[in-house]
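Data block below; observations after.
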Amino acid sequence: MNPLLEKFNTKYTSSPFSDIKEEHYLPAFQELVKTAQKEIDEITNNPETPTFENTIEAMAFSGEQLDRVSSIFFNLNSAETNDEIQKIAQDVSPLLTEFSSKISQNEKLFERIRNVYDQKDTLSLNDEQKMLLNETYKGFVRSGALLNEEDKKKLEKINMDLSIKSLQFGQNALASTNAYFKHITNKEELKGIPEAILEQYEEDAKEKGLEGYVITLQYPSYLPSLTYAENRELRKELALANGKKSFDGGEFDNQNLIKEIVKLRQEKAELLGYKNYANFVLEERMAKSPEKVFAFLNELLDKAKPFAQKEIEELKTLAKADGIDEIQSYDHAFYAEKLRKQKFDIDDEELKPYFQLEKVQEAVFGLAKELFGLEFNEINDVQKYHQDVKTYEIVEVESQKIEDKNKKGFESLSLTTDNQKPTTKYKALLYADYHPRKGKRAGAWMTSYKNQYKKNSDNSRPHISVVCNFTKPTKDTPSLLTFQEVTTLFHEFGHALHGVLADTQYPNLSGTSVKWDFVELPSQFLENFCYEPEFLKTFAKHYQTGEILPDEKIEKLSQSKSFMEGYQTMRQVGLGLLDMAFHSSVSEHEVTDVKEFENHFTKATQIYPSNPETATAPSFSHIFQGGYSAGYYSYKWAEVLDADAFQYFKENGIFNPEIASKYKILLSSGGTKDPMELFKAFRGSEPKVESLLKRAFG
């Protein structure tokens, strides 16, 4: 029996991870593609006149089991992969691409869709139905429905090649990350690195059967070395190894894949009638055009560069005192940390004991309760894909007394009304996966194992996952977070809330199914609370003594929000410009040399000398494997949205129930409305870039 082909007879129909074996995947995909194709055929060959219900709506609900199995498989390929799963992915990806292409190139089906679309002004559709109809029609057109047969075949081949090459890019980047480690037996070489980090390095060495210490390119291992190691040669070696990921000419080199992916995307755009791939992508984003993105990024570059240069001059002064005449990129984190400690009298290692992972999680859960009436209960009767994962049942408290948060501090809501116990309603299932391991890719992300939707009077609730790479607890020390990791958890949880609060009719308009340059608003918005003294005091407590982080430290931490903001803005703008260059400039500037191309288009943002042995693009998985191609700018774009949104809260009380209620509507609406319309309904006006500039540079 293949559990992926059966109805999930589990709590909340959760994924039956414990029952799934690797050999189940490929047969399941092969069978479910057939089933989904049969559903599409029934819609296509329906003898009745095409209607919204029998065509557009029927399509929205087709392939449900295939979607769920795809979510399970590809999520595990990121969070708990191995050689066998990666091999299966090479077979599954083209299978799914072929299925998708068959649908998008089904002329008879498109005729039904066009028939309904042409009548849209005479149909009695609500806003969500109109959006679904428009998105369905546009999706087919953008997938080549209006192309001739020869061009359709070309497009199908391009899409197939892209799916395989993008997958290979990600696998190479992960393999290149895992291939390197630095083994050190002399503790003197690690001078300056805090004991808690050294403990982790010892644990990593033991896992490899080695004496001494092991440093890897996993973020929680790599970054502390660059930040604290007094050994400059060690910092240089690690930074060089990190910068050479998939750029060393070896087995996992991605340079040729970059050239091929970029060329294929350009060919796809031209085939569909667009000047370049960026034009194709941005048609469906808030920004609308490459010109607007370049103008936005260059405006930020102009504003940020003087601040960045001033920041680097301060670092150069510190480095010069240590006898370093020319500061390099691998010195940045070390001297930035020194300067931060000097300016604010705080450092990450001093703060970490106050940010125990469990307490930070409690705080983010408490914030969701405060703003949206959500409660999180850990449960143990749901199958997990790894022992480190924790599962939570999320419920919404339906009868609660909302107090005035303009006058009160952060505190638990009164959850009783007229001495009655509150009623709760199941809202979502949450998987929390926080620690690094060999089969998990680097970084942090939120994803979904099941979308929310409404069907036959049933509101089917979502299954959400938050995945991070925080330092593992040791036998003596719990998992303690840097402040940056605290904001990372809030960031990903902001995405999670977008999924948890989803309340739409159709799964493909639910939760985070919004324009890409809107999707980062909820995540970046939630980060703002980490800098609010009133809120910080509720959870920044020493894991051994329970002492609250002192007021002066909290104040300094709050003030430090804009520390190195000029440099960070330059870095993000540089990545955004590089992304846009790959996807809008290749017709004029062919990518013959990846490093040369990268230098040319990021020159204006380069603060430190470029090292010929390192490059960003070969491990830039966001744009070559993930969904951020021609969209990396959206992080800064969304910062404008989040700065303006949080300013609204600040002006009226950061726990203001009325504004929280309006924001909840924005989150729960998913992709059912144009994002600018949603933002204006919440804020009362379009977002202002001045809010971001004021927050960043005063």
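All values reported here derive from a predicted model rather than from experimental measurement. Computed from heavy atoms alone, side chains included, the values below leave out hydrogens, waters and symmetry copies.
F483 has its ring centre less than 6.0 Å from the ring centre of F355. Centroid-to-centroid, the aromatic rings of Y608 and H332 come within less than 6.0 Å. Not less than 6.0 angstrom separates the ring centroid of F646 from the ring centroid of Y531. Taking the six-membered ring for Trp and the full ring otherwise, F518 and F679 have centroids separated by 6.0 Å or more. Checked against a 6.0 Å centroid threshold, the rings of F655 and F649 do not count as neighbours. Taking the ring centroids of F697 and F307, they lie under the 6.0 Å cut-off. No close placement of the Y213 and Y201 rings is indicated, their centers lying 6.0 Å or farther apart. Aromatic ring centres of F365 and F539: separated by at least 6.0 Å. Checked against a 6.0 Å centroid threshold, the rings of Y635 and Y628 count as neighbours. Aromatic pair F344/F563: ring centres closer than 6.0 Å. Proximity of the aromatic rings of Y330 and F334 is defined here by a centroid distance below 6.0 angstrom, and this criterion is not met.
Annotation: cation-pi pair K384/Y431 absent, no NZ/CZ under 6.0 Å from the ring centroid and within 45° of its normal.
In this structure, the side chain of T482 engages the main chain of E485 through a donor-acceptor pair within 3.5 Å.
Between E313 and K316 there is a salt bridge, since a side-chain N of the basic residue sits under 4.0 Å from a carboxylate O of the acidic one. With salt bridges taken as basic N to acidic carboxylate O contacts below 4.0 Å, none links D345 and K556. The existence of a salt bridge linking E237 and K182 is confirmed by a sub-4.0 Å separation between a basic side-chain nitrogen and an acidic carboxylate oxygen.
Counting only heavy atoms from C-beta outward, the side chains of L297 and L301 never approach each other to under 4.5 Å.
No hydrogens or angles considered: a donor-acceptor pair under 3.5 Å links the side chains of K561 and N528. Residues N75 and T447 bring a donor and an acceptor atom of their side chains to less than 3.5 Å of each other.
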